[in-house]
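Down below is the structure, laid out as structure tokens.
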Number of protein chains: 2
Amino acid sequence: MRVLKYAILGLLDHGSLSGYDMTSRFKAELGQFWSAKHSQIYPELKKLTDEGFIEYETVIQGSKLEKKMYSITEAGKRELHGWLTEFKPAPDTVKDEFMLKAYFISSMEPDEAKRLFADQLQKRQEKAAFLKTKLEELKREAGESITFRSPHFGHYLVLTRALERENGYCSWLEKALLLMENDQS
Amino acid sequence: MRVLKYAILGLLDHGSLSGYDMTSRFKAELGQFWSAKHSQIYPELKKLTDEGFIEYETVIQGSKLEKKMYSITEAGKRELHGWLTEFKPAPDTVKDEFMLKAYFISSMEPDEAKRLFADQLQKRQEKAAFLKTKLEELKREAGESITFRSPHFGHYLVLTRALERENGYCSWLEKALLLMENDQS
DNA sequence: CTGGACATGTAATGTGTTACATGATTTG
DNA sequence: CAAATCATGTAACACATTACATGTCCAG
């Protein structure tokens, strides 16, 4: 499938970037839904260059430090467009280690299960709060009017989806905890 | 991390299973949150046997067909319990190819983006409908009273979480589509 | 002048999928 | 008796993480 290939092409479609820049992007908002380490990115950049989808120019940073600024080629743009507009089924499995534990809840004692769920709820609430702050920052920056043509629309979509994902997880955890409390007595 | 190891131990904690049985379980409800192919399961079973966490008995099915019925050992139960009760952070990244495309929405034409989102909405709605049916079946089977002590509680947790996940995705897709429509004029 | 960020790579290992390979059993 | 399901395994390849390895630049 080579999704990393398309992630790189997509990032480069808005302007040139170094491998290091891409790593940073995967640590920021995009990282909610895709990420890769530099050890995976650098070989992929070499491969994409060989395939003619990207090209680079070596730039000197300071007096000695070389960095490679990559940009997308016309062939790369066609390749990206083909992937973007392709319909794909919703995945059967989205791996979630916590939910695997939840499935095995009968192998835990009630109080162990409650502690596990309470801990996860706290962590998800913290994450949701963090994402909410990021979304508010973005709204301030973009001036309240985010629509299709806004350069921040992709960023906005990712943040709203991630926030809803965490909020949905939290409300489910709360419901599950309630079921466990009711059973206890 | 070896999550598959714990998935197998968790499955075996309720009774003995063959490798084939485990493959079937990963295709059913548990597959919403974890899965593995038989080509990954069989080597893992061998490894877990060598490590002393599981053991097997060869059973003859029919007149010739040999199958290995695996069961969990005391050491395996301790190992499972340690994993189950261990607190873990919420993951930074949950990979989602569709959301990667959404992030790159500015590289698409408005009508291309709308078609993509509409297609995904339809597929997620179908999946939600399927999960809803499964949940209703489970409720009928379990007699409306699912609490911690119910043998179906793990199954119930997985189905309710998967259903909410899909419903949340759908409502986000609808909101995104509305934003795109409003912008169009 | 030092610590953190910038910058790029490879090696080893772990995880997961697809393909190859074989055979028995059950149901229609 | 044919097709679907049951049943187990290995090989090759693809994808991903951790560790190894090196060096520059900038701000305090």
Side-chain angles (χ1 to χ4, degrees), chain A residues 1-8 11 16-28 30-31 33-51 54 56-70 83 88-89 91-97 100, chain B residues 1-8 11 16-28 30-31 33-51 54 56-70 83 88-89 91-97 100:
Chain A
M1 194 80 337
R2 289 184 68 193
V3 182
L4 178 58
K5 163 181 160 178
Y6 298 106
I8 290 172
L11 284 171
S16 57
L17 295 171
S18 67
Y20 188 89
D21 294 332
M22 295 175 201
T23 313
S24 310
R25 295 290 221 99
F26 287 129
K27 281 177 194 152
L30 177 55
F33 299 104
W34 206 268
S35 69
K37 313 279 177 176
H38 77 274
S39 54
Q40 198 184 359
I41 292 169
Y42 290 117
E44 187 66 33
L45 288 170
K46 200 178 180 186
K47 201 173 178 187
L48 288 170
T49 306
D50 293 344
E51 291 168 330
I54 62 174
Y56 68 89
E57 198 189 346
T58 304
V59 172
I60 306 294
Q61 197 77 351
S63 62
K64 274 187 209 164
L65 184 62
E66 291 193 353
K67 79 172 166 179
K68 292 178 181 171
M69 290 304 283
Y70 288 89
W83 170 74
K88 289 246 183 120
D92 290 326
T93 305
V94 177
K95 288 192 174 179
D96 183 332
E97 191 175 341
L100 187 62
Chain B
M1 193 82 337
R2 287 185 69 192
V3 182
L4 178 58
K5 162 182 161 179
Y6 299 106
I8 290 171
L11 285 172
S16 57
L17 294 171
S18 67
Y20 188 88
D21 295 334
M22 294 174 201
T23 312
S24 310
R25 295 290 220 99
F26 286 130
K27 282 178 193 151
L30 176 54
F33 299 106
W34 206 267
S35 69
K37 313 280 176 174
H38 76 274
S39 55
Q40 198 183 1
I41 292 169
Y42 290 117
E44 187 66 34
L45 288 170
K46 199 179 179 185
K47 201 172 179 188
L48 287 170
T49 306
D50 293 346
E51 291 168 329
I54 62 175
Y56 69 89
E57 195 188 348
T58 303
V59 172
I60 305 294
Q61 197 77 352
S63 61
K64 277 187 209 163
L65 184 64
E66 290 193 353
K67 79 171 169 180
K68 291 179 181 170
M69 291 303 284
Y70 287 89
W83 170 74
K88 288 248 183 118
D92 290 327
T93 304
V94 176
K95 288 192 175 180
D96 183 333
E97 192 176 339
L100 186 61

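Reckoned from all heavy atoms, side chains included, excluding hydrogens, waters and symmetry mates. Numbered from 1 within each chain, the chains take letters A, B, ... in sequence-line order.
Note: OH (Tyr6(B)) to C1' (dT15(C)) measures 15 Å, nearest angstrom. Protein atom NZ of Lys27(A) is 11 Å distant from nucleotide atom C1' of dA7(C), rounded to whole Å. Rounded to a whole Å, the CZ atom of Phe26(A) is 14 Å from the P atom of dC15(D). Rounded to a whole Å, the CD atom of Gln40(A) is 20 Å from the P atom of dC20(D). Atom CG in Leu4(A) sits about 13 Å away from atom C1' in dT17(D), given to the nearest Å. Atom pair Gln61(A):CD and dT8(C):C1' shows a separation of 13 Å (rounding to whole Å applied). Following rounding to the nearest Å, Ile60(B) (CD1) and dA7(D) (P) show an atom-to-atom distance of 12 Å. Rounding to whole angstrom units, CD of residue Glu57(A) and P of dT8(C) are separated by 13 Å.
Both Glu66(B) and Gly62(A) lie close to DNA chain D; mapped to their nearest nucleotides by heavy-atom distance, the more 5′-ward contact belongs to Glu66(B). Residue order along DNA chain C, read from the 5' end via each residue's closest nucleotide, puts Leu65(A) first among Leu65(A) and Ser35(B).
The Lys67(B) side chain lies nearest to dA7(D) when the options are dA7(D), dT8(C), dG16(C). When distances run from any side-chain atom of His38(B) to the nucleotides dC6(D), dA7(C), dA19(C), the shortest one goes to dA19(C). Among dT8(D), dT8(C), dT10(D), the nucleotide with an atom closest to any side-chain atom of Ser18(A) is dT8(C). For Lys68(B), the listed nucleotide lying nearest its side chain is dG9(D); candidates were dC6(D), dT10(C), dG9(D). Considering only side-chain atoms of Lys95(B), the nucleotide from dA16(D), dT10(C), dA7(D) that sits closest is dA16(D).
Nearest heavy-atom pair across Leu100(A) and Ala7(B) is CD2-CB, 3.8 Å. Across Ser35(A) and Thr93(B), no two heavy atoms sit closer than the pair OG-OG1, 3.3 Å.
Distances shorter than 4.0 Å separate none of the side-chain N or O atoms of Lys37(A) from OP1 or OP2 on dT17(D). Close to dT8(D), at under 4.0 Å from its OP1 or OP2, lies a side-chain N or O of Tyr42(B). The side chain of Ser39(B) places no N or O atom within less than 4.0 Å of a non-bridging phosphate oxygen (OP1 or OP2) of dT18(C). Phosphate contact (OP1/OP2 of dT24(D), side-chain N/O of Ser63(A), threshold under 4.0 Å): absent.
Ring geometry for Tyr70(A) versus Tyr56(A): interplanar angle of 30 to 60°, hence tilted.
The structure places CD of Glu44(B) at 5.0 Å from CG of Leu4(B), a figure rounded to the nearest 0.5 Å. Atom CE of Met69(B) sits about 8.5 Å away from atom CD of Gln61(B), to the nearest 0.5 Å.
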